[in-house]
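Quantities reported herein were computed from a predicted structural model and do not represent experimental measurements.
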Amino acid sequence: RILGIEGGEALYDTLKDRMEAAYGSVLVGYGPDLASNGNGNFFMIGPEPQFESMERYIATNEGEQPIYRLYPRDFWLVR
């Protein structure tokens, strides 16, 4: 369907109209609240300051929600 409008002036508008539906379900603050998507488990990998920053951002955009942390020690197997 996109190839059919290639080169036309409507290509940008068509793609922009689809962005919220495509990206909004995985990007915080873009589209509907992530909490309203009951089928998702969202995660991120990073240092503690990044988690703290993301918690503040989510609280500002979607309301207070916890971010659970997993550490390498949570996955160590002991014989």
Fill in: Residues forming a side chain to side chain donor-acceptor pair (under 3.5 Å) with R56, sequence neighbours excluded
none

Item to complete: Of all the heavy-atom pairs spanning R69 and E52, show the shortest one and how long it is.
Response: NH2-N, 4.1 Å

Worksheet item: Taking only residues two or more places apart in sequence, or in another chain, which ones meet Q50 in a side chain to side chain donor-acceptor pair (under 3.5 Å)?
Response: none

Worksheet item: Who passes side chain to side chain donor-acceptor pair (under 3.5 Å) against E64, sequence neighbours left out?
Response: none

